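From a predicted model like this one, the values you see are computed outputs, not experimental measurements. First the proteins, then the strands, lettered A, B, ... as listed; each starts at 1. Just so it is clear, the values below take in all heavy atoms, side chains as well, and ignore hydrogens, waters and symmetry mates.
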Amino acid sequence: MSENKIYKPKQISGFPEWLPEYRAVELAWMDKIRAVFERYGFCSIETPSVEEVDALLAKGGETEKEIYTLTRLHADDHDKDSRLALHFDLTVPLARYVAQHCNDLVFPFKRYQIQKSWRGERPQKGRFREFYQCDIDVVNVDGLPLHFDAELPAVMFEAYQSLDIPPVEMHISNRKIIIGYLQGLGVKDIPFVTRELDKIDKIGVDKTRLILAMHFELEAQELSSRERLDLAQKCLDIVQIQFADNGFVEKVRTLGVANDLLDEGLKELSFVMDNLKHLPQGSVIADLGIIRGLDYYTGTVIEVRFKDKPLSIGGGGRYDNLAGAFINQKLPGIGVSIGLTRLFAMLLDEGYIKPVAKCPTQILVVLPAEERRAEAAATAHSLRLRGVNVELYHSATKVKKQMSYAEKKGIPYVWFPPFEDGQPHEVKNMATGEQVQADPSVWKI
RNA sequence: GCGGCUGUAGCUCAGCGGUAGAGCGCCUGGUUGUGGUCCAGGAUGUCGUGGGUUCGAUCCCCAUCAGUCGCCCCA
């Protein structure tokens, strides 16, 4: 860049940033979420933004994530940092962390983690390349009581409720149900079928039925085309079951599939639903169409949405063997995650989030004149001693301009030190316009 | 990685083959120590970038970059 050429600022797609009056709201949300997490005894950890690529891929399996790797600008061909990459979620770092500090952690290990993650996917509405996730997970050695499967959704629900947002719905299922059911039906390629069933909302029922039927044909199962369609229909039947109570069990029974894993899943989901009865009616739905793409979920799966909106704003589930790729020990866990950035951006876009003051300043101390600077500074200092957020205007410009500054930044009070010797201090409430005499050594908001 | 749409003042956008406008915002003033309203002035743009057609392009063509929506996948 030459000196008379400026770099034109531009926004980088998928990397959101907010103005101060909105960032303050986001921060407040994090505080509220954090408070709920801590109320249930979760402790905080922070892991590095980067992990080794091998660590990130250890659990990924077939689906390769869009991972951002690190390189130095001046790296040579043998750059060692290229083995590092930004984490794409907080679960894999947790697995590595738990495996690494296994001996120093107390189990069941309950931790929360509010950090950014990065994914190199094409950004679009509600999808970012850099975003905050608020995770809570419980990891244990050996078994993990099923009660956690109910507690975590409850904690997450309470966190959502602590925010000023439209009501959310938690859709809960158990992977054992769909897997067991498909096994019972004799379906061979279960990963493919579940992936298609997961997309049913987008693709539509009829199209999904055809895709499945076609797939069964390719699998060369000894079925007539009529039977293939019936089988596809059977697959569709289960994922369309939704109940606000345990009615789903009976409904599944009427489909007439017998399988041990299916029974286990039904039992677990019933247990979870029973233990979430204290939540508001209609906010928890046993939704057997919830499958979730992540490979490591093995039991309970959760997805959170606003009513009437398909986009997920949070989710999670149980994994029987979280850290298996890092340690020779079985560590089951369950975790849920609030998609803070997606949630926030969505509501911001809809104009639902109202901006707050552009700064935390509570009082602006006016600088009446250059000769009064020492006194104005002392006034500001005195007010700060009582925990008030005070800003001192550093230029002895027109009072009009100083007040306009306070107005624009949303500062609620303006303090006037004496303009001449012997005069009293005064403070003005910008909202009401009321102005009274005050003593900076005792005044409080 | 692939496809559709878009790219003009800080923001939202209008415009036209002959080198540009509105609204909002911003700055100044409406006198001597007081904001929000009102009034009067004012500043601002290599018209995304690079080529091409043309006497001449911001407007036409090509490329490129960026944004955006969708596919894939997912919070």
Trainee: Can you give each donor-acceptor pair under 3.5 Å made by side-chain atoms of residues 417-424 of chain A, sequence neighbours left out, with the distance rounded to 0.1 Å?
Mentor:
from, atom 1, to, atom 2, distance (Å)
A/Asp421, OD1, A/Arg372, NH1, 3.3
A/Asp421, OD1, A/Arg372, NH2, 2.8
A/Gln423, OE1, A/Phe419, N, 3.2
A/Gln423, OE1, A/Glu420, N, 3.1

Trainee: Do A/Arg127 side-chain and B/C73 base share a donor-acceptor contact under 3.5 Å?
Mentor: yes

Trainee: Under 4.0 Å between a side-chain nitrogen and a carboxylate oxygen: does that hold for A/Glu169 and A/Arg305?
Mentor: no

Trainee: When all nucleic acid strands are considered with a 4.0 Å heavy-atom cut-off, which category describes A/Ile12: base, sugar-phosphate, or nothing?
Mentor: sugar-phosphate

Trainee: A/Phe128 or A/Gly14: which one's nearest nucleotide on RNA chain B is closer to the 5' end?
Mentor: A/Gly14

Trainee: Paired with B/C24: which nucleotide, if any, by Watson-Crick or G-U wobble criteria at under 3.5 Å for both distances?
Mentor: B/G10

Trainee: Measuring only the C1' atom in each nucleotide, how far is B/U49 from B/C65? A whole number of Å is fine.
Mentor: 7 Å

Trainee: Under 3.5 Å, which donor-acceptor pairs do the side chains of residues 146-159 of chain A form with other protein atoms, sequence neighbours left out?
Mentor:
from, atom 1, to, atom 2, distance (Å)
A/Asp149, OD1, A/Arg318, NE, 3.0
A/Asp149, OD1, A/Arg318, NH2, 2.7
A/Asp149, OD2, A/Thr300, OG1, 2.6
A/Asp149, OD2, A/Arg318, NE, 3.0
A/Glu158, OE1, A/Tyr40, OH, 2.6
A/Glu158, OE2, A/Arg39, NH1, 3.4

Trainee: Tell me whether the OP1 or OP2 atom of B/G70 has a side-chain N or O from A/Gln124 closer than 4.0 Å.
Mentor: yes

Trainee: Any side-chain heavy atom of A/Lys125 within less than 4.5 Å of one from A/Asp349?
Mentor: yes

Trainee: For B/U68, does OP1 or OP2 lie under 4.0 Å from any side-chain N or O of A/Ser13?
Mentor: yes

Trainee: Output a table of nitrogen or oxygen pairs between the protein and nucleotides 32-35 of chain B separated by less than 3.5 Å.
Mentor:
from, atom 1, to, atom 2, distance (Å)
B/G33, O6, A/Gln423, OE1, 3.2
B/G33, O6, A/Gln423, NE2, 2.7
B/U34, O2, A/Lys428, NZ, 3.4
B/U34, O2, A/Gln435, OE1, 3.2
B/U34, N3, A/Gln435, OE1, 2.9
B/U34, N3, A/Gln435, NE2, 3.0
B/U34, O4, A/Gln435, NE2, 2.8
B/G35, N1, A/Met430, O, 2.5
B/G35, N2, A/Glu407, OE1, 2.6
B/G35, N2, A/Met430, O, 2.7
B/G35, N3, A/Glu407, OE1, 3.0

Trainee: Is the shortest side-chain heavy-atom distance between A/Tyr22 and A/Pro355 below 4.5 Å?
Mentor: yes

Trainee: Just to verify, what does A/Trp443 make a side chain to side chain donor-acceptor pair (under 3.5 Å) with, not counting sequence neighbours?
Mentor: none

Trainee: Please state the P separation for the pair B/G18 and B/U58 - nearest whole angstrom.
Mentor: 11 Å

Trainee: Restricting both atoms to N or O, compile the protein contacts to nucleotides 40-42 of chain B shorter than 3.5 Å, with distance only.
Mentor:
none

Trainee: Choose from B/A75, B/C73, B/G70 the nucleotide whose nearest atom is closest to any side-chain atom of A/Arg195.
Mentor: B/C73

Trainee: Decide if atom NE2 of A/His381 counts as having more than 12 heavy atoms of other residues, nucleotides or ligands within a radius under 6.0 Å.
Mentor: no

Trainee: On a whole-Å scale, what distance lies between the C1' atoms belonging to B/U8 and B/G48?
Mentor: 10 Å

Trainee: Residues two or more places apart in sequence or in another chain: which of them pass salt bridge (charged side-chain N to carboxylate O under 4.0 Å, His left out) with A/Glu46?
Mentor: none

Trainee: Would you kindly give the NZ-to-P distance between A/Lys358 and B/G25, to the nearest whole Å?
Mentor: 12 Å

Trainee: Please compare A/Ile338 and A/Arg129 by the position of their nearest nucleotide in RNA chain B and report the one closer to 5'.
Mentor: A/Arg129

Trainee: Using a heavy-atom cut-off of 4.0 Å across all strands, would you classify A/Ser337 as base, sugar-phosphate, or nothing?
Mentor: nothing

Trainee: Over how many whole Å does the gap from A/Arg122 atom CZ to B/G67 atom P extend?
Mentor: 9 Å

Trainee: Rounded to the nearest angstrom, tell me the gap between atom CD in A/Glu121 and atom P in B/C69.
Mentor: 14 Å

Trainee: Taking the P atom of each, how far is B/U44 from B/C39, in whole Å?
Mentor: 24 Å

Trainee: Show, in sequence, the C-alpha distance, side-chain angles and deciding distance for A/Lys234 and A/Asp237, and conclude whether the salt bridge (Lys or Arg N to Asp or Glu O under 4.0 Å) test is met.
Mentor: CA-CA 5 Å; A/Lys234 281 275 191 187; A/Asp237 285 340; 5.5 Å; no

